[in-house]
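Notes follow once the structure below has been shown.
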Amino acid sequence: MTIRVLLADDQALLRGTFRMLFDATDDMETVAEASNGREAVELAGSQRPDVVLMDIRMPEMDGLEATRLITESEDLVDVKVLILTTFEDDEHVADALRAGASGFLGKGARPEELLDAVRTVADGEALLSPSATRALITRFLAQPDPCPAAVHERLESLTPRERDVTSLVALGLSNDEIAERLFVSPLTAKTHVNRAMTKLAARDRAQLVVIAYQCGLVSPATEPDSQQPA
């Protein structure tokens, strides 16, 4: 399957570089380019890409608002957004996750890392690695938004094991790592994660992470080693 990518960045040179990279990759193609957030929203609606590679800082409409409009649209439920950020010093990462982005990547990433990130997001996973993401979540979700009442009610429907896997997802663990931690198969771990996402109405793992922090399943100070299998 060919992954269809929409590029949203106000730097034409950078868009051109990304286009050459994606179009030279067998399983990817660039379907359109946007120079600002407003164009990104319009093109997402007309082109229906699998992944939008979204810069945060753009004229007319920034990437955060564009991400929110795309992810909140019922017509674009299958469109995933991968945010480009300066990583250590971009204080909009938490806002990007809250807006519905499926992950984020530093502009200094190597080409193969970018390609893998696009594949990960297109596959319905979230780009939430322990090495990069947990530190940012710890920093920027230290004072999360209150847990919505409707979501709090849905939490009551989670089984103990589903609560466990949700907490581990929030700490950046992959399905394989969750399986090892809980002494189950990777397929079983994935099944628990998918059931938790369904019950909590989370569109992907990134939103599951936000819910876990907002509703107190994990705290910014939590470390993976402190999580024990049930």
Side-chain angles (χ1 to χ4, degrees), residues 1-129 132-133 136-137 140 203-207 210:
M1 183 184 70
T2 300
I3 300 172
R4 305 173 72 253
V5 183
L6 166 62
L7 305 176
D9 196 294
D10 61 342
Q11 298 181 44
L13 181 59
L14 193 56
R15 294 199 309 273
T17 300
F18 288 149
R19 175 181 280 275
M20 287 189 293
L21 175 64
F22 293 137
D23 291 351
T25 303
D26 291 340
D27 61 341
M28 297 183 193
E29 66 172 334
T30 305
V31 296
E33 297 181 24
S35 61
N36 58 64
R38 194 173 305 281
E39 288 181 1
V41 175
E42 293 172 354
L43 288 170
S46 63
Q47 299 297 322
R48 303 297 176 91
D50 299 304
V51 177
V52 180
L53 194 62
M54 183 84 74
D55 188 21
I56 288 182
R57 296 182 177 90
M58 292 186 291
E60 293 192 37
M61 178 188 293
D62 66 26
L64 296 177
E65 178 64 11
T67 296
R68 185 185 66 78
L69 291 175
I70 290 171
T71 60
E72 288 184 355
S73 171
E74 294 183 359
D75 294 333
L76 301 177
V77 66
D78 293 326
V79 178
K80 308 298 184 183
V81 177
L82 175 60
I83 293 286
L84 288 174
T85 175
T86 51
F87 231 42
E88 287 86 6
D89 59 5
D90 196 328
E91 298 192 2
H92 298 297
V93 171
D95 291 334
L97 291 176
R98 292 189 181 106
S102 293
F104 47 88
L105 190 70
K107 285 189 174 181
R110 297 189 303 273
E112 59 270 23
E113 290 177 323
L114 176 58
L115 295 176
D116 285 343
V118 171
R119 293 187 183 103
T120 296
V121 171
D123 196 38
E125 300 290 339
L127 194 66
L128 298 168
S129 66
T133 308
L136 288 170
I137 291 173
F140 297 121
R203 82 181 255 134
D204 57 25
R205 290 170 78 104
Q207 193 172 19
V210 174

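Any value given below was found using the heavy atoms of this structure, including those in side chains, with hydrogens, waters and symmetry copies removed.
Between the CG atom in Leu69 and the CG atom in Leu76 there is a gap of 10.0 Å [rounded to 0.5 Å]. Atom-to-atom distance recorded for Thr2:OG1 and Asp50:CG is 9.0 Å, nearest 0.5 angstrom. Ile70 CD1 to Met54 CE: the interatomic distance, rounded to the nearest 0.5 Å, is 4.0 Å. From Phe104, atom CZ reaches atom CG of Leu82 across 10.0 Å, with rounding to the nearest 0.5 Å. Considering CE of Met58 and CG of Asn36, their distance stands at 7.0 Å, rounded to 0.5 Å. Here CD1 of Ile3 is found 8.0 Å from CG of Asp123. Values are rounded to the nearest 0.5 Å.
In plain terms, the two heavy atoms of Asp62 and Ile56 that are nearest each other are CB-O, 3.3 Å. In plain terms, the two heavy atoms of Ala32 and Leu6 that are nearest each other are O-CD1, 3.3 Å. Of all non-hydrogen atoms in Gly100 and Thr67, the two that sit nearest each other are C-CG2, 4.2 Å.
The existence of a salt bridge linking Arg48 and Asp78 is excluded, since no basic side-chain nitrogen approaches an acidic carboxylate oxygen closer than 4.0 Å.
Side-chain atoms of Arg15 do not come within 3.5 Å of backbone N or O of Glu33 as any donor-acceptor pair. Put simply, the side chain of Thr120 gets close to the backbone of Asp116: a donor and an acceptor are under 3.5 Å apart. Glu65 places no side-chain N or O within 3.5 Å of a backbone atom of Met61 that could act as its donor or acceptor partner.
You'll find the side chain of Phe22 reaches within 4.5 Å of the side chain of Leu7, heavy atoms only. Using a 4.5 Å cut-off on side-chain heavy atoms (C-beta onward), Leu114 and Phe18 make contact. With contacts defined as side-chain heavy-atom distances shorter than 4.5 Å, the pair Asp55/Lys107 qualifies.
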Listed pairs under 3.5 Å, donor-acceptor, residues 38-45 side chains, sequence neighbours left out:
from, atom 1, to, atom 2, distance (Å)
Glu39, OE1, Ser35, N, 2.8
Glu39, OE1, Ser35, OG, 3.1
Glu39, OE2, Ser35, OG, 3.4

Could you check Thr25 against Val118 for side chain to side chain contact (heavy atoms under 4.5 Å, CB included), going step by step and ending with a plain yes or no?
-> CA-CA 12 Å; Thr25 303; Val118 171; over 6 Å; no
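A side-chain contact (heavy atoms from CB on, under 4.5 Å) with Thr71 holds for exactly one of Val81, Val79, Asp204; it is Val81.
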